[in-house]
Amino acid sequence: MRYFGIDLGTSNTLIYEKGRGIVLREPSVVAREARSGKVVAVGGEARLMLGKTPGSITAFKPLRDGVIAEFDVTAKMLHRFFRKVAGNSFFSRPKVIVCIPYGVTEVEKRAVEDATLEAGAQSVALIEEPIASAIGAGLNIASARGNMIVDIGGGTTEVAVISLGGIVLSNSLRTAGDKLDEAITGYVKRKYNVVIGDTSAENLKKTIGSVFPGIKPGTMDVRGRNLLTGLPATVTIASEELMEAMDEDITHVVECICSSLENTPPELAADIYDNGIMLAGGGALLAGLPNLVYKVTGVRTHVAKMPLDCVALGIGKVIESPDNTLGDSVSYRTR
Ligand code: ADP
Ligand code: MG
């Protein structure tokens, strides 16, 4: 029996296979024909079409804000990803664990399960993102000590305090990587009258983006379209400008961490002061973020070793654990 773990993220989908490790890493993007609704490409191939599609094809992110906005499309995307890793051997329908954001509703949970079964799974179980993320980041979640994990993805930021294998407290924010990209786009438009694409904004953020003075300074040229002339234009953006552009959204993220700390029961808060805060998800790679969180909270802040892989590696540990001790929190639903 094949056994898969899926991190169904708003930006990236990762698949872990028992005994093999991470077997797929693709952007959660779908391209489809506008008229027929037929899916023409998914993942990296579809991502190349984002913002560049001819009128007859639309490329979009079906999970945009951490929820399944487009159920059918998500199911089709999963189906294609499955086929990619499992070939046509779907007569041996796999067992699947899917990771979903903590804040989702029962209806949304059900939609993810349905999409997974629809895509060919024999049985499906859900695991909460903070748990998977914490396991993947190497935290000892089963201990009686409090740990704080902050997962910053594309669509959502999740702050959770975990103790004895369970979530004691969590806060979910729909401010994460995508919002930062939009803030950068808005800033460049206001300041330079130049419109840049989402992908260019994301490149700026990844290459010279920083949220703490003196960390990763630099400049980068970006191409866009001048709003006044309508002509292509190139502007040079400095790291300090991105700091200004991202300031408001980053402040929300840091405030969410602070209020979570304030609401943590005192004994667990003391543990967190000892252990530090763990950052995961792609947003954890934002230069200067651990410095900023430390400065504001006074708590040492670490970045997980492989922030983008954390969740998939965490589900991996659950499905590889022989006695499934880590799997207490998952229960399977069958077709
Ligand atoms: P999700 O779990 O929602 O799919 P991920 O954990 O895969 O999200 O993270 C994707 C987000 O991380 C995107 O917004 C992306 O721009 C951002 N990201 C990836 N690498 C970096 C980096 N080096 N610096 C800043 N942000 C990054
Ligand atoms: Mg994620």
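Note that ligands are numbered from 1 as they come in the structure, with each ligand's atoms numbered from 1 the same way. In what follows, every heavy atom counts, from backbone to side chain, and hydrogens, waters and symmetry copies are set aside. Keep in mind that this is a model prediction, so the values were computed, not measured.
At least one N or O atom of G154 sits closer than 3.5 Å to an N or O atom of ligand 1. Polar contact check, N12 against ligand 1: a nitrogen or oxygen pair lies under 3.5 Å apart. Checked against a 3.5 angstrom limit, the closest N/O atoms of D181 and ligand 1 fall outside it. By the 3.5 Å distance cut-off applied to N or O atoms, G282 is counted among the residues near ligand 1.
The atoms of ligand 1 that sit less than 4.0 Å from any heavy atom of G281 are 6 (O). The ligand atoms of ligand 1 that sit less than 4.0 angstrom from a heavy atom of G283 are 12 (O). Those atoms of ligand 1 with a heavy atom of G177 less than 4.0 angstrom away are 14 (O). Under a 4.0 Å criterion applied to the non-hydrogen atoms of K205, ligand 1 contributes the atoms 14 (O), 15 (C), 16 (O), 17 (C), 26 (N). Atoms of ligand 1 found under 4.0 Å from any heavy atom of L286, numbered from 1 in the order shown, are 24 (N), 25 (C). Within ligand 1, the atoms closer than 4.0 Å to a non-hydrogen atom of S11 are 1 (P), 3 (O), 4 (O), 8 (O), 10 (C), 13 (C), numbered from 1 in the order shown.
Across all non-hydrogen atoms, the minimal contact from A121 to F82 is N-CE1, 4.3 Å. Residues A46 and A41 share a closest heavy-atom pair of CB-O, 3.5 Å. Nearest approach of R80 to V40, heavy atoms of both residues: NH1-O, 3.8 Å. Contact record, G177 with K205: O-NZ, 3.3 Å, taken as the closest heavy-atom pair. Closest approach of I131 to G165, counting heavy atoms only: CD1-O, 3.4 Å.
Comparing R25, E129, K206 against atom 19 (C) of ligand 1, the shortest heavy-atom distance belongs to K206. Taking each of M246, E202, K179 in turn, the one with a heavy atom nearest to atom 15 (C) of ligand 1 proves to be E202.
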Checklist line | Derivation and outcome, salt bridge (Lys or Arg N to Asp or Glu O under 4.0 Å), residues E26 and R47 | finding: CA-CA 9 Å; E26 296 264 4; R47 185 174 206 231; over 6 Å; no

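Remark: minimum distance from atom 23 (N) of ligand 1 to any protein heavy atom is reached at L285 CB, 3.4 Å. Protein heavy atom closest to atom 2 (O) of ligand 1, with residue, atom name and distance, is G9 CA, 3.8 Å. Taking atom 3 (O) of ligand 1 as the reference point, the nearest protein heavy-atom neighbour is T10 OG1, 2.5 Å.
Contact annotation: G209 has no heavy atom less than 4.0 Å from any atom of ligand 1.
Residue-level proximity to ligand 1 for L180 is absent, since no heavy atom of it falls below 4.0 angstrom.
When the shell of 6.0 Å around NZ of K109 is examined, it contains more than 12 heavy atoms from other residues, nucleotides or ligands.
If you take CG on N140 and CZ on R145, they are separated by 10.0 Å, rounding to the nearest 0.5 Å. If you take CG on L169 and OG on S260, they are separated by 5.5 Å, rounding to the nearest 0.5 Å. Note that the CG atom of N263 and the CG atom of N171 stand 7.0 Å from one another [nearest 0.5 Å].
For S28 and T13, the side-chain atoms include at least one donor-acceptor pair closer than 3.5 Å.
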